[in-house]
Amino acid sequence: EHALSFYAQMQWASVPPDVFTFCSLIDTCDKSHQWLHGLRQLQESREWRIKPNEELCVSAVSACGEGRLWRLALHIMVEMRHGKLNPGLAAHNALVSACEKAVKWEQALEILANMALHEI
């Protein structure tokens, strides 16, 4: 709640958010089991036209995992590649975790095999 309150104060003071603002918000929401609020922050970052970095995407994929939204997590990974970001180990681990939490073992194993193939 404190992070969202601070973000509201930033808006009130006309301080524009950046990618690190949204990473922090999504992480904080995820860690406080408010993953849906975190995903709303991802959408808001898009509305601000914030260029995502890998940390933002990892935070969003992790929030998807908390919500057992493995398909959305996979979609975010695809978006990373389309945005010229190369998902690293942290992003792939978050995706495997999202699949595991959604009890999608076949998808998790496929991702792990793909990681080994591409030496991630």
Side-chain angles (χ1 to χ4, degrees):
E1 289 181 26
H2 295 293
L4 293 174
S5 175
F6 181 72
Y7 176 59
Q9 289 175 6
M10 285 177 63
Q11 289 178 313
W12 183 80
S14 299
V15 176
D18 60 13
V19 68
F20 302 107
T21 304
F22 286 107
C23 287
S24 297
L25 287 169
I26 295 169
D27 278 340
T28 300
C29 290
D30 183 24
K31 287 181 174 91
S32 62
H33 307 290
Q34 299 292 322
W35 55 269
L36 187 56
H37 289 296
L39 293 176
R40 286 186 188 135
Q41 297 307 312
L42 175 64
Q43 180 59 37
E44 190 157 338
S45 75
R46 291 173 176 163
E47 292 168 8
W48 276 93
R49 300 190 192 288
I50 301 292
K51 182 176 175 155
N53 62 10
E54 183 175 10
E55 185 180 352
L56 179 70
C57 295
V58 170
S59 297
V61 169
S62 179
C64 289
E66 287 301 313
R68 293 173 176 76
L69 302 172
W70 69 275
R71 284 191 174 120
L72 180 56
L74 184 59
H75 179 74
I76 291 169
M77 290 283 283
V78 170
E79 284 182 337
M80 283 180 72
R81 288 191 179 96
H82 287 293
K84 307 289 191 260
L85 289 174
N86 190 17
L89 182 60
H92 283 85
N93 284 342
L95 182 57
V96 168
S97 179
C99 291
E100 177 245 332
K101 289 175 182 175
V103 193
K104 295 296 181 181
W105 295 104
E106 288 180 23
Q107 288 78 5
L109 291 173
E110 186 177 322
I111 294 161
L112 289 170
N114 192 31
M115 289 171 66
L117 180 67
H118 294 287
E119 298 180 352
I120 297 173

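The shown structure was predicted, so the numbers you read here are calculated from the model rather than taken from an experiment. Index from 1, following the sequence.
- Although no hydrogens or angles enter the test, the distance criterion places no donor-acceptor pair under 3.5 Å between the side chain of Ser97 and the main chain of Ala94.
- Closest approach of Ala98 to Ala73, counting heavy atoms only: CB-CB, 3.9 Å.
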- Message: As a quick check of understanding, evaluate side-chain contact (heavy atoms from CB on, under 4.5 Å) for Met115 and Asn93, giving each step before the final call.
- Response: CA-CA 10 Å; Met115 289 171 66; Asn93 284 342; 3.9 Å; yes
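- Counting only heavy atoms from C-beta outward, the side chains of Met80 and Pro52 never approach each other to under 4.5 Å.
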- For side-chain hydrogen bond (donor to acceptor under 3.5 Å, both in side chains), just list the numbers for Glu79 and His75, CA-CA rounded to whole Å, side-chain angles, deciding distance to a tenth of an Å, and then say yes or no. CA-CA 6 Å; Glu79 284 182 337; His75 179 74; 3.1 Å; yes
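- Side-chain heavy atoms closer than 4.5 Å link hydrophobic residues (I, L, V, M, F, W, Y) into clusters, and following such links, possibly through other members, connects Ile76 to Leu89.
- With hydrophobic clusters built from ILVMFWY side chains whose heavy atoms lie under 4.5 angstrom apart, Leu25 shares a cluster with Leu56.
- A donor-acceptor pair under 3.5 Å is formed between the side chain of Glu54 and the backbone N or O of Gly88.
- In this structure, CG on Asp27 lies 12.0 Å from CD on Gln41, to the nearest 0.5 angstrom.
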- Residue pair His92, Met77: steps toward the side-chain contact (heavy atoms from CB on, under 4.5 Å) verdict: CA-CA 8 Å; His92 283 85; Met77 290 283 283; 3.9 Å; yes
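- Scanning all heavy atoms of the two residues, the minimum distance from Ala63 to Ile26 falls at CB-CG2, 4.3 Å.
- Side-chain contact annotation: Asp18 with Thr21, donor-acceptor N/O pair under 3.5 Å present.
- Taking CG from Leu42 and CD from Glu47, the interatomic distance works out to 10.0 Å, rounded to the nearest 0.5 Å.
- By the rule that hydrophobic residues join a cluster once side-chain heavy atoms approach within less than 4.5 Å of another member, Trp12 and Phe22 end up as members of separate clusters.
- Atom-to-atom distance recorded for Cys99:SG and Ile111:CD1 is 3.5 Å, nearest 0.5 angstrom.
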- Item | From CA spacing to verdict: side-chain contact (heavy atoms from CB on, under 4.5 Å), Ser45, Val19 | CA-CA 8 Å; Ser45 75; Val19 68; over 6 Å; no
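- For the atom pair NZ (Lys51) and NZ (Lys84), the distance works out to 9.5 Å, reported to the nearest 0.5 Å.
- Of the possible polar contacts, none joining the Ser62 side chain to the Val58 backbone as a donor-acceptor pair under 3.5 Å is found.
- Residues Pro87 and Ile120 have side chains not in contact (no heavy-atom distance under 4.5 Å, counting atoms from C-beta outward).
- Taken to the nearest 0.5 Å, the CD atom of Gln43 stands 11.0 Å off from the CZ atom of Arg40.
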